[in-house]
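Here, residue 1 is the first one in the sequence, and each next residue gets the next number.
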Amino acid sequence: MKIRKFTATSVPLALRQVHDILGDRAVILNTRTLPEGGDPGGRVEITAALDEEVATMAGAPTAVAQKSPRATGNARPDLLGRVYGRSRPGVHGDPGPASAEDRQPRWRQAEDEPQVQPRHVRSAADWLAGLPVVQRENPPAPASEAREPRQTATPRRQTATPRMTVQERATMLEGPGDSAVVGQLRQLEEAVQRMASQTSGFALPLELSRLAERLRRTGLSERHVHQCLQVVMRQLSDSELDDQETVARAAVTCLARLVPAAQEIRIGRQRRVAALVGPSGSGKTTAMARIAAGFARRRQQRGAAPDGGEIVLVSADTKRVGALAQARAFAELIHVPLETAFDEADMTLAVDRHEGARLVLVDVGGCGPHERSEMEEQKRLLVAGRVDEIHVVVDGLTGIDHIVETAKSWKGTGGCDVCMMVTKMEQSVRPGSIVSAAIDAQLPFSYLT
């Protein structure tokens, strides 16, 4: 055992001396700070030791190791079973002489090694576009492949296919229970598009840039903001782009063209049956009462009897506590009849009982887009009532993805028209999200309350 003391002005310098003289297999026994008036060449003292047998096994160039007869034996651990240093086994246990690179300290050897490998990805959009399409488990084989056995002939040359966007991939893979994944992919695509627009280096005109910020603050999605900016830039000249009012009018015209035309409830000589659907707490019962009160007021202004039976309310919300009592209270205030439907047979009888009515408003229970069984039951109920139009009721505080999924889940029900009714607009701080949802779902507005 060789024991030596090293002094230096700092601990790293003293450790460097230990490494240079005893090598990287030295064991630090003690470290202390010298008192005042001690060694003038340093204030730190390190006591280190080197096991001559371990050094001999590692091929350390020391005189003691050359004289030791057990130079080819195994390294002897300390009392705790630890063996310090890295072993460099050679052929038949002979490690051989250590190179100059091996004698360098470990921190010096790790200096030249790259810590992070470079990734050759130009942008996040390219990375998303290059992702492989995930296939479902056990996909159904086409009819042609089912009839003809697969032949192992010479491989054909594959033709280049156009790249698919993230939304197209999500639409292709969309199925029951995938709406949450589709929403996340849509948010990711919008974030990537926004990053690409911010890093493109293209400077927008001042008024156009201010318009983009105002649209974003209202809650309009990034995709629709870019679409609106492109239309405005194509329509206006350079001088018109400097006028704030002209830019604002062009943006309003663009958004009005993107949103489907409004479609409110209209009654005529024939009976009209309209149903209000949507998630719980969206205000369907209150909206039904407001619509009925508006038509009842117009009827009274024309001098018609208050209980003429032209407007009828049908409540199918039989599961929520207090729903029937609330509907009954509204019907008594408006002076209109109220029917209750617990199943499809009740719905058919309730509608047929009022053949002379001009407007029948149906209020069903709350149902979200993921409640498949409940939604199918409500759709059968509406088909039994021969509903002419469906109004998807959502509140103005709901996110874009939830509104779009809710609206799309009611499309094609019984072949009737589907509209979107938005409640609680006075509480909404970002109404632009409602506009984006209407554009994405391609549903017209019927009422904003």
Side-chain angles (χ1 to χ4, degrees), residues 123-126 128-129 162-171 182-183 185-264 392 394 396 398-405 407-408 411 417-422 425 428-448:
S123 65
D126 295 339
L128 287 174
R163 283 185 174 182
M164 301 173 60
T165 62
V166 176
Q167 191 169 1
E168 292 174 351
R169 295 171 186 263
T171 305
V182 173
L185 289 177
R186 189 180 294 111
Q187 293 179 359
L188 182 60
E189 184 180 22
E190 291 180 359
V192 170
Q193 291 177 356
R194 182 165 186 175
M195 287 190 300
S197 64
Q198 293 176 352
T199 58
S200 59
F202 178 76
L204 293 174
L206 179 59
E207 293 301 330
L208 208 58
S209 178
R210 292 176 178 175
L211 171 66
E213 289 302 321
R214 291 199 300 271
L215 293 178
R216 292 190 183 100
R217 285 197 298 268
T218 60
L220 197 69
S221 66
E222 193 67 26
R223 182 164 60 91
H224 297 144
V225 170
H226 283 289
Q227 189 174 359
C228 184
L229 295 180
Q230 292 174 1
V231 172
V232 173
M233 289 187 65
R234 285 196 301 264
Q235 291 181 351
L236 302 183
S237 60
D238 294 342
S239 59
E240 292 175 335
L241 289 175
D242 295 333
D243 187 5
Q244 181 178 0
E245 295 183 1
T246 305
V247 171
R249 285 196 301 268
V252 170
T253 304
C254 173
L255 292 177
R257 292 176 180 176
L258 293 177
V259 177
Q263 185 177 343
E264 61 181 6
V392 182
V394 294
T398 311
I400 298 178
D401 297 330
H402 185 71
I403 296 177
V404 173
E405 296 301 327
K408 287 183 177 180
K411 276 189 173 182
D417 300 332
V418 181
C419 307
M420 186 162 62
M421 184 185 303
V422 187
M425 287 297 296
S428 177
V429 241
R430 307 188 68 183
S433 59
I434 305 298
V435 178
S436 294
I439 298 175
D440 290 340
Q442 281 301 299
L443 288 182
F445 287 114
S446 57
Y447 295 95
L448 301 177

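- Counted by atom type alone, E222 and H226 present one or more donor-acceptor pairs between their side chains at under 3.5 Å.
- Of the inter-residue distances, the one linking Q227 atom CD with L258 atom CG reads 5.0 Å to the nearest 0.5 angstrom.
- Separating the CG atom in L255 from the OG1 atom in T253 is a distance of 9.0 Å, to the nearest 0.5 Å.
- Of all heavy-atom pairs between T218 and L215, the closest is OG1-O, 2.6 Å.
- A distance-only check finds no donor-acceptor pair linking the side chain of Q235 to the backbone of V232 [under 3.5 Å].
- Between L443 atom CG and Q263 atom CD the span is 10.0 Å, to the nearest 0.5 Å.
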Inset, instruction - Apply side-chain contact (heavy atoms from CB on, under 4.5 Å) to R257 and V231, showing your working. - result: CA-CA 11 Å; R257 292 176 180 176; V231 172; 5.7 Å; no
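- Taking all atoms of both residues into account, the shortest heavy-atom contact from A438 to P260 is O-CD, 3.9 Å.
- Residue E240 forms a side chain to side chain contact (heavy atoms under 4.5 Å, CB included) with just one option from D243, D238, L236, and that option is L236.
- Between S428 and G396, the closest heavy-atom pair is OG-O, 3.2 Å.
- With values rounded to the nearest 0.5 angstrom, L241 atom CG is found 9.0 Å from T246 atom OG1.
- The backbone N or O of C419 sits nowhere less than 3.5 Å from a side-chain atom of S446 that would complete a donor-acceptor pair.
- Under a 3.5 Å cut-off, the side chain of R430 and the backbone N or O of R216 do form a donor-acceptor pair.
- Side-chain atoms of M420 and I403, non-hydrogen and from C-beta on, do get closer than 4.5 Å to each other.
- Two residues are said to be in side-chain contact when any heavy atoms from C-beta on lie closer than 4.5 Å; D440 and H224 meet this criterion.
- At least one donor-acceptor pair closer than 3.5 Å links the side chain of K411 to the backbone N or O of A441.
- One distance of note links CZ of R214 with CD of E207; it measures 7.0 Å at 0.5 Å rounding.
- Rounded to the nearest 0.5 angstrom, D242 CG and L208 CG are separated by 10.5 Å.
- Of all the heavy atoms in P444 and A261, the pair that sits closest is CB-O, 2.7 Å.
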